[in-house]
Amino acid sequence: MKEKLTRLWATKTRDDEWWSSFVTSPLAILANYGAVEVPWMTPNRITVASFLVAIVATIGILVSGTASFIAAAVLIHLSHILDCMDGQMARFRQVSSPVGSYYDRLTDQVQVTLWFGAIGYAAYVQTASVVPVFLAMTGISFYGLRGYTKYIALEIETARNPEYPKDMARLKHVETTAGLDFGLRANWTWFLREQRKILAFDEGVFIFMLSAALVFDQLVPMLWIFAASQLFWGTYNSWLRGKNIQRNRKLHLPK
């Protein structure tokens with residue numbers, strides 16, 4: 001049992017997001033303990049299941065009402081657990097593929113758009129104000145900008161230096177510092193360090209924010225946080241990537 005759990009923990013994304021690190025991803029590992037032995041349960045089917053659950057959660061938000069909001073919060077977490085499971089299962093079975101990774105990331109982006117779009121509409125119905133819709137639109141746009149600038153920079157740098165993706169992959173290597181093979185102190189230290197990731201306001205933080213806002217019916221305050229955080233990170237990342245492109249260009253100018 002311990003050996004299998006250790007192998008499953010090794011499939012956890014080492015640079016996981018905040019809420020994923022110590023809630024949804026560990027729950028996915030527990031779910032995968034039995035799921036990886038079921039032949040018909042494949043990573044791609046789990047990706048589809050995650051997306052379908054996300055759509056049902058979106059409908060729950062649009063329906064509105066306390067019961068629907070709480071159900072949507074539970075479904076958002078279930079969707080994210082399944083989203084963690086597919087990659088873990090692929091790595092455990094050693095069947096990871098570029099196509100699977102592509103659709104996994106694509107559905108992640110669509111889910112964020114659906115959830116926050118639905119939250120914006122639900123808040124509009126509650127307040128009769130277009131401000132929540134504008135906040136949702138701003139947050140979604142600048143969250144998308146974060147990913148867009150990443151791939152623009154990757155395309156430009158790769159055109160200049162074909163070895164750039166490999167160089168970046170080496171820099172992104174993260175050592176495992178927690179798990180069943182580590183002591184209580186090491187795991188506690190890891191847990192505390194992970195808390196810094198809440199400031200990144202990425203998908204893992206969104207899961208927590210969305211569910212808390214739905215359970216306590218605080219949609220508008222959450223939308224302000226979402227819009228402000230994505231406006232900052234989208235703008236900052238755009239500037240930083242442009243600066244890095246300029247710096248790398250100067251480093252490779254002929255002398």
Side-chain angles (χ1 to χ4, degrees), residues 12-13 16-32 46-88 104-105 107-127 131-133 135-140 142-144 146 191-192 194-233:
K12 179 181 179 294
T13 303
D16 237 334
E17 298 165 335
W18 178 67
W19 195 242
S20 308
S21 287
F22 52 89
V23 178
T24 51
S25 192
L27 287 173
I29 289 171
L30 292 177
N32 262 326
I46 292 176
T47 299
V48 172
S50 171
F51 187 61
L52 291 176
V53 172
I55 293 175
V56 176
T58 303
I59 295 172
I61 296 171
L62 293 174
V63 170
S64 296
T66 302
S68 293
F69 280 170
I70 292 175
V74 173
L75 289 172
I76 285 171
H77 269 83
L78 176 58
S79 174
H80 202 244
I81 290 170
L82 292 168
D83 187 35
C84 295
M85 282 180 67
D86 55 8
Q88 293 172 1
D104 183 35
R105 298 182 188 188
T107 53
D108 287 348
Q109 185 73 30
V110 175
Q111 285 171 194
V112 170
T113 303
L114 290 175
W115 288 337
F116 282 102
I119 289 282
Y121 173 77
Y124 163 74
V125 172
Q126 287 182 345
T127 63
V131 171
V133 177
L135 293 174
M137 182 183 69
T138 300
I140 291 168
F142 279 85
Y143 176 69
R146 291 170 64 174
F191 177 82
L192 292 177
E194 289 295 286
Q195 305 313 310
R196 298 176 297 184
K197 293 182 179 180
I198 192 174
L199 298 176
F201 286 98
D202 50 29
E203 186 187 359
V205 178
F206 298 162
I207 303 304
F208 173 79
M209 287 172 51
L210 282 167
S211 57
L214 289 166
V215 169
F216 296 104
D217 198 3
Q218 296 294 319
L219 307 187
V220 176
M222 185 274 295
L223 285 171
W224 275 106
I225 295 172
F226 174 59
S229 64
Q230 298 315 301
L231 180 62
F232 169 78
W233 283 114

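Please read these numbers as outputs of a predicted model, since none were measured by experiment.
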>> Apply side chain to side chain contact (heavy atoms under 4.5 Å, CB included) to residues Ile76 and Ser211 and explain how you reach the verdict.
In response: CA-CA 7 Å; Ile76 285 171; Ser211 57; 5.6 Å; no
Treating [X] as the side-chain partner and [Y] as the backbone partner, does any N or O pair qualify as donor plus acceptor under 3.5 Å?
X      : Y      : result
Trp115 : Ala54  : yes
Gln230 : Gly144 : no
Glu203 : Ser20  : no

Hey, are the side chains of [X] and [Y] touching, using non-hydrogen atoms and a 4.5 Å cut-off?
X      : Y      : result
Lys12  : Ser21  : yes
Ile46  : Asp83  : no
Val220 : Gln126 : no
Ile207 : Val23  : no
His77  : Trp19  : yes
Asp16  : Phe22  : no

Can you name the nearest heavy-atom pair linking [X] to [Y], along with the distance?
X      : Y      : answer
Tyr124 : Val133 : CB-CG2, 3.8 Å
Ile140 : Gly117 : CD1-N, 3.8 Å
Ala123 : Leu223 : CB-CD1, 4.0 Å
Thr127 : Pro132 : OG1-CG, 3.8 Å

Could you measure the distance from the [atom1] atom of [X] to the [atom2] atom of [Y]? Nearest 0.5 Å is fine.
X      : Y      : atom1 : atom2 : result
Phe201 : Leu199 : CZ    : CG    : 6.5 Å
Leu219 : Leu210 : CG    : CG    : 9.5 Å
Phe142 : Ser229 : CZ    : OG    : 11.5 Å
Thr47  : Met85  : OG1   : CE    : 10.5 Å
Leu135 : Trp224 : CG    : CH2   : 5.0 Å
Ile81  : Asp86  : CD1   : CG    : 12.5 Å

>> Assess the residue pair Arg146 and Asp202 against the criterion (side chain to side chain contact (heavy atoms under 4.5 Å, CB included)); give the C-alpha distance rounded to whole Å, side-chain angles, the decisive distance to 0.1 Å, and a yes or no.
In response: CA-CA 10 Å; Arg146 291 170 64 174; Asp202 50 29; 4.2 Å; yes
Considering only distance and modelled atom types, tabulate donor-acceptor pairs under 3.5 Å from the side chains of residues 60-74, sequence neighbours left out.
unit_1: Ser64; atom_1: OG; unit_2: Ile61; atom_2: O; d: 3.4
unit_1: Ser68; atom_1: OG; unit_2: Ser64; atom_2: O; d: 3.2

> Should the heavy atoms of other residues, nucleotides or ligands under 6.0 Å from CZ of Phe232 be counted, would the total exceed 12?
Replying inline: yes
Would you be so kind as to tabulate the donor-acceptor pairs closer than 3.5 Å made by side chains of residues 107-114, with sequence neighbours excluded?
unit_1: Thr107; atom_1: OG1; unit_2: Tyr103; atom_2: O; d: 2.9
unit_1: Thr107; atom_1: OG1; unit_2: Asp104; atom_2: O; d: 2.9
unit_1: Thr113; atom_1: OG1; unit_2: Gln109; atom_2: O; d: 3.2

>> Could you work out, with salt bridge (charged side-chain N to carboxylate O under 4.0 Å, His left out) as the rule, every residue matching Glu194, not counting sequence neighbours?
In response: Lys197
> Do Trp18 and Phe208 have ring centres separated by under 6.0 Å?
Replying inline: yes
>> Less than 6.0 angstrom separating the ring centers of Phe206 and Phe116, yes or no?
In response: yes
